[in-house]
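The structure appears below as structure tokens.
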Amino acid sequence: MSAVRTDVKAPAFDVERIRGDFPILKLEIGGKPLVYLDNAASSQMPQPVIDRLVRYQTTQHANIHRAVHTLSEVATAEYEEARRKLARFINAREEREVIFTSGTTDSINLVMHGFGRKFIGAGDEIILSTLEHHSNIVPWQMLAEEKGAKIRVAPIDDAGELQSGEYEALFNPRTKFVAVTHVSNALGTITPVRQMIAHARARGVPVMVDGAQAAPHLTVDVQDLDCDFYAFSGHKLCGPTGIGILYGKAATLERMQPFKGGGDMILSVTFEKTTYNTIPHKFEAGTPPIAAAIGLGAAVDYLSAIGMDAIAAHERHLLEYATAAFSRMAGVRIVGTAANKAAVLSFVVAGVHPHDVGTLLNQYGVAVRTGHHCAQPVMQRFGLPATSRASFAFYNTIAEIDALVDGIRNVQKILA
Amino acid sequence: MADPKALYQEVILDHNRKPRNFGRLEQPSHEAQGHNPLCGDHLSLALNLENESIAAIAFKGESCAICKASASMMTVAVKGKSRKEAEQLIEEFRGMATGELDCGKVPHHLGRLLVFSGVRDLPTRVKCAILPWHTLHAALHSVASTSTESGDDPMHAPIGNA
């Protein structure tokens with residue numbers, strides 16, 4: 001028995017030590033140190049995750065859930081251990097509530113096919129928001145077209161804040177589903193998703209949360225949110241591409257039809273009838289990306305060791321510093337000024353097209369995203385064809401934001 | 001810029017700041033709209049063809065610096081040229097921008113337009129440089145509008161994504 005020590009503090013956030021874990025951050029681009037500020041598109045991978053992939057591929061690989069030989073049993077155990085890690089990461093009640101998918105887009109399509117096509121019909125309404133990424137719009141439009149259902153859209157204000165009152169006013173007895181983002185990829189707005197879910201659930205309406213931009217930055221607790229579905233991608237979370245998860249409440253997943261048919265999702269097959277496997281396997285047809293799932297497990301271990309709260313605090317510091325610096329620059333306007341934001345800074349430079357901003361910043365080693373960010377309704381809301389977007393991760397530094405600001409000043413000197 | 005191969009050379013910056021032949025034509029014989037839906041670049045081009053020769057040409061639009069400078073320098077290059085010469089220049093510019101034409105080996109008529117050869121190393125920007133030429137091609141063939149994303153367009157350059 002040892003007493004709980006209250007005098008030992010967690011080690012201070014040491015960004016330089018963390019950067020040492022990311023080999024790619026040592027790169028130079030055109031002779032300039034890489035300043036990687038495109039984390040909302042994809043984050044970089046730390047050495048422990050790279051090492052985990054190598055170890056799996058070197059000593060543990062075989063197909064899973066099939067053979068009785070040792071390697072297959074090892075691979076199966078590691079794959080299912082990764083599922084447990086993901087379930088813990090989002091505080092799922094049970095690990096069978098975590099389905100491995102190829103990413104957020106795949107997860108949303110799974111829900112559209114597995115839940116939407118079974119339970120949404122003609123005249124029913126699906127609520128989305130203006131903030132949605134195309135991947136949380138298009139599948140629902142496809143469903144609406146197929147079934148004769150209707151899409152309703154919760155609007156945002158000039159700051160990019162989701163309008164809760166107008167969202168709530170969209171509900172009526174035909175409302176059958178809500179699909180909403182947790183964090184806007186284009187603006188960084190954190191939506192009041194917990195209250196939105198509560199409002200929907202009080203009316204018996206299931207909610208899917210697109211967590212692609214939230215899971216890398218915030219502590220996600222699906223039991224606290226009480227959503228029916230939550231989805232995110234591994235590659236935005238220091239993991240590999242080609243892997244992501246769909247969380248679903250067990251009872252909801254049980255009611256759904258499978259999305260893809262194939263091996264591993266069945267219990268028995270004859271030409272007369274197939275009996276589907278139990279969840280989560282019912283939704284994991286075919287050989288999954290085993291290595292990527294195990295890599296994602298290592299990635300959430302890595303993030304958890306640093307601590308999502310510490311990550312959020314560091315990123316908040318970066319965002320506040322960058323927001324203040326941008327506010328002091330003449331001719332630069334931040335697009336998306338919600339009170340509650342994750343580490344995304346969308347901006348326009350007066351008289352300079354975002355593509356020119358992006359190409360010129362690249363010549364200073366600064367990687368930002370330019371374009372419509374697969375969120376054209378957001379761009380239309382602000383009357384812009386495109387913006388430039390700097391998006392931060394916990395391994396970014398104040399010095400890198402200074403490099404971004406200097407880069408923009410140079411862009412203005414050249415073009416504005 | 002330290003990099004001599006950098007795209008944003010003074011001649012391009014100059015045409016971006018002070019685009020030539022920028023405006024409208026009264027009663028043009030040929031016109032077309034060019035659009036890049038991926039970045040929102042939009043260009044309207046009008047010209048007067050007299051005896052199969054481009055007597056007057058003008059453009060207007062909202063676009064990035066590369067697109068605007070390319071449009072400006074294009075109008076300067078094709079003004080007074082025959083339709084056939086303009087069409088050849090369109091092909092050569094497209095070849096240069098996509099990297100299909102080796103400008104060092106194959107004879108061509110690009111002249112000052114060679115400042116755009118740097119886009120071949122920036123696949124996402126190739127369409128910005130090509131859009132005005134794309135639009136000129138459409139105007140000469142009496143196509144009302146063209147898009148960098150229409151697959152059936154003979155000028156379509158299936159490169160990059162914005």
Side-chain angles (χ1 to χ4, degrees), chain A residues 28-33 38 41-42 134-135 138 186 331 335 346 348-389 403 406-416, chain B residues 1-19 22 33-43 60-72 97 115-132 147-149 159-162:
Chain A
E28 293 196 341
I29 302 293
K32 305 272 169 33
D38 194 18
S42 201
H134 295 164
S135 61
V138 180
V335 181
S346 233
V348 287
V349 181
V352 187
H353 191 283
H355 276 181
D356 295 319
V357 174
T359 299
L360 283 167
L361 285 179
N362 182 59
Q363 298 189 12
Y364 301 102
V366 180
V368 299
R369 170 82 195 268
T370 62
H372 53 58
H373 316 297
C374 296
Q376 286 181 344
V378 176
M379 297 294 115
Q380 285 152 15
R381 172 62 179 76
F382 288 95
L384 297 167
T387 69
S388 304
R389 180 188 71 185
D406 287 347
I408 294 170
R409 288 216 177 91
N410 282 323
V411 170
Q412 287 179 310
K413 264 182 226 151
I414 294 164
L415 281 177
Chain B
M1 304 298 299
D3 181 4
K5 277 162 65 189
L7 186 54
Y8 294 84
Q9 297 179 35
E10 193 46 49
V11 58
I12 289 180
L13 298 178
D14 178 60
H15 277 265
N16 176 55
R17 262 183 239 113
K18 296 176 291 184
F22 193 77
Q33 309 284 322
H35 188 48
N36 182 347
L38 296 177
C39 64
D41 279 359
H42 182 267
L43 199 76
K60 268 192 98 65
E62 287 289 325
S63 67
C64 66
I66 300 305
C67 181
K68 195 190 253 184
S70 175
S72 174
V115 293
F116 288 98
S117 60
V119 289
R120 74 178 60 181
D121 300 324
L122 301 166
T124 53
R125 303 305 303 276
V126 170
K127 286 172 181 175
C128 309
I130 285 185
L131 180 63
S147 163
T148 53
E149 301 312 301
I159 304 161
N161 203 326

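Naming: A, B, ... by sequence-line order, numbering from 1 per chain. Side chains are part of it too, since the values below use all heavy atoms of this structure and drop only hydrogens, waters and symmetry mates. On a predicted model such as this, the values are computed, not experimentally measured, just so you know.
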> Side chain of B:Ser63, backbone of B:Asp41: donor and acceptor closer than 3.5 Å?
Replying inline: no
>> Between A:His373 and A:Gly371 (side chain of the first, backbone of the second, donor and acceptor by atom type, cut-off under 3.5 Å), is there such a pair?
In response: yes
> Using non-hydrogen atoms only, which part of B:Cys67 is less than 4.5 Å away from chain A: side chain, backbone, both, or neither?
Replying inline: neither
> Quick one: of B:His42, B:Arg125, B:Arg17, who has the most non-hydrogen atom pairs under 4.5 Å with chain A?
Replying inline: B:Arg125
>> Need one label for B:Ile66: side chain, backbone, both or neither, based on atoms under 4.5 Å from any heavy atom in chain A.
In response: both
> If you measure only the distance, is there a donor-acceptor pair under 3.5 Å linking the side chains of B:Tyr8 and B:Asn16?
Replying inline: no
>> Holding to ring pair (Phe, Tyr, Trp, His ring centres under 6.0 Å), I want the full list of residues that pass it with A:His353, two or more places apart in sequence or in another chain.
In response: A:His355
